[in-house]
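One structure is given here, and the rest of the page talks about it.
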Amino acid sequence: MRRDDARLVFATTQAMLGRKTRGTMRAAGTHHFTDYLKQVVFGGNDGIVTTFAIVAGFAGAEAQGVAGLGALAVLIFGLANLTADAVSMGLGEFLSGRSNRDLFRARHALETNRIAGSPEAAAIRMAEHLKTQGLSPDIARHTADHLATSPTLMADLVLRYEYGMEAPDAHNLRARALMTFLSFIAFGAIPLLPFVVLDESAPRFAWSVAATGAALVALGLLRFTATGEKAGRSVAETVLLGGLCAVVAYLAGMFVAGLG
């Protein structure tokens, strides 16, 4: 392959796979905190909303004058729910990641064999995808012919453009599950803190609302870091979602208590 051809194919595959070339590559097997930012954001958001829903539900019930729903009840139900849901979230992340990885590998092997058995047909299919990326028909077919010499690479592109599947990253699935679990616990415990550190004379529910709001703002900023969305939008959506769930839980607590 000529040098210009090699550069064209390399640039095309980098663009299609959405990968950025860097002067220095991260060493294999090393990971940074930002690699797990998705797990932190989603685990933390679920933890905050789920736990505060219980706090708000109890507050709504107490607003109806139901007796015996003090801080101890909030802590017992809150911690039990926090632990159970955290385990569920962690296991869900692990099983989901493993299922996606296994599905990708199965389809990748099938496509690799299909491309190796009929490279001409694969090149024609790939040329059509390349033309949608802005390449002229001649250059698209020329590039596709070169790509067809590597069934493995071609299979990556086919899975992306015909099935919408991304190559599974090298992250350890157990580490991702653990990060989801820990973020759920860490953020989910925040709404319960006022019921632990403050005495009965303090407005613990008001402090819980304030602590939850601060946690949601922090999580919105983390979401902004992870997704690249506008900071204001990320924070506003995160806070509004949490606030909506809290209002629903509060009203539900009032409604159920009013039935008694």
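FYI, the numbering just counts along the sequence from 1.
Among pairs with a residue in residues 235-247, those fulfilling side chain to side chain donor-acceptor pair (under 3.5 Å) read Arg223-Glu237, Arg233-Glu237, at least two apart in sequence or across chains. Among residues at least two apart or in separate chains, salt bridge (charged side-chain N to carboxylate O under 4.0 Å, His left out) pairs with a member in residues 126-135 are Glu128-Lys131.
For the atom pair Arg141 CZ and Ser136 OG, the distance stands at 13.0 Å (nearest 0.5 Å). Atom CG of Leu173 sits about 9.5 Å away from atom CG of Asn100, to the nearest 0.5 Å. Annotation: the span from Ser88 atom OG to Phe184 atom CZ amounts to 8.0 Å, rounded to 0.5 Å. Distance CZ/Arg176 to CZ/Phe94: 12.0 Å, rounded to 0.5 Å. With rounding to the nearest 0.5 Å, the separation of CG in Leu157 from CG in Leu130 is 7.5 Å.
Taking a cutoff of 4.0 Å between a charged side-chain nitrogen and a carboxylate oxygen, Arg160 and Asp156 do not qualify as a salt bridge.
A donor-acceptor pair under 3.5 Å is formed between the side chain of His108 and the backbone N or O of Thr152. Looking only at distances, no side-chain donor or acceptor of Thr143 sits under 3.5 Å from a matching main-chain atom of Ala140. Looking at Thr51, its side chain never comes within 3.5 Å of a backbone N or O of Ala189 through a donor-acceptor pair. Checked by atom type and distance alone, the side chain of Ser183 pairs as donor or acceptor with a backbone atom of Gln39 at under 3.5 Å.
Its side chain within the 4.5 Å cluster rule, Leu244 clusters with Val248 among the Ile, Leu, Val, Met, Phe, Trp and Tyr residues.
Across all non-hydrogen atoms, the minimal contact from Val55 to Pro191 is CG2-O, 4.1 Å. In plain terms, the two heavy atoms of Leu153 and Leu147 that are nearest each other are CD2-CD2, 3.7 Å.
Counting heavy atoms from C-beta on, the side chains of Arg204 and Asp199 never come closer than 4.5 Å. You'll find the side chain of Thr212 stays beyond 4.5 Å of the side chain of Val209, heavy atoms only. Ile190 is not listed as a side-chain neighbour of Phe52, based on a closest heavy-atom distance of 4.5 Å or more.
Hydrophobic clustering (side-chain heavy atoms under 4.5 Å, transitive across Ile, Leu, Val, Met, Phe, Trp, Tyr) groups Leu178 together with Met89. Placement of Val40 and Val217 within a single hydrophobic cluster is found when ILVMFWY residues are connected by side-chain heavy-atom separations under 4.5 Å, directly or transitively. Residues Val49 and Phe195 are members of separate hydrophobic clusters, defined by side-chain heavy-atom contacts under 4.5 angstrom among Ile, Leu, Val, Met, Phe, Trp and Tyr. A single hydrophobic cluster is seen to contain both Leu91 and Leu82, as judged by linkage of ILVMFWY side chains at heavy-atom distances under 4.5 Å, directly or through other members. Ile124 and Leu135 fall into different hydrophobic clusters, where Ile, Leu, Val, Met, Phe, Trp and Tyr residues are linked whenever their side-chain heavy atoms come under 4.5 Å apart, directly or through other members.
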- Message: Go through it in stages, so that I can follow the logic: the residues are Ile115 and Thr112, the test is side-chain contact (heavy atoms from CB on, under 4.5 Å), and I'd like the CA-CA distance, side-chain angles, deciding distance and then a yes or no.
- Response: CA-CA 5 Å; Ile115 293 166; Thr112 300; 6.0 Å; no

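Residues passing the ring-ring contact (aromatic ring centres under 6.0 Å, His included) test with Phe77, sequence neighbours excluded: Phe58. Residues meeting the side chain to side chain donor-acceptor pair (under 3.5 Å) test with Arg125, sequence neighbours left out: Glu162. Qualifying side chain to side chain contact (heavy atoms under 4.5 Å, CB included) partners for Asn81, counting only residues two or more places apart in sequence or in other chains: Thr50, Ile54, Asp85. With sequence neighbours left out, the salt bridge (Lys or Arg N to Asp or Glu O under 4.0 Å) criterion links Arg114 to Glu111. The side chain to side chain donor-acceptor pair (under 3.5 Å) search around Asp138 returns none, not counting sequence neighbours. With sequence neighbours excluded, the residues that form a side chain to side chain contact (heavy atoms under 4.5 Å, CB included) with Pro119 are Ala148. A search for side chain to side chain contact (heavy atoms under 4.5 Å, CB included) contacts involving Phe42 returns Lys38, not counting sequence neighbours. Partners of Ser150 under the side chain to side chain donor-acceptor pair (under 3.5 Å) rule, at least two apart in sequence or in another chain, do not exist in this structure. Residues satisfying the side chain to side chain contact (heavy atoms under 4.5 Å, CB included) criterion with Leu241, sequence neighbours excluded, are Asn45, Cys245.
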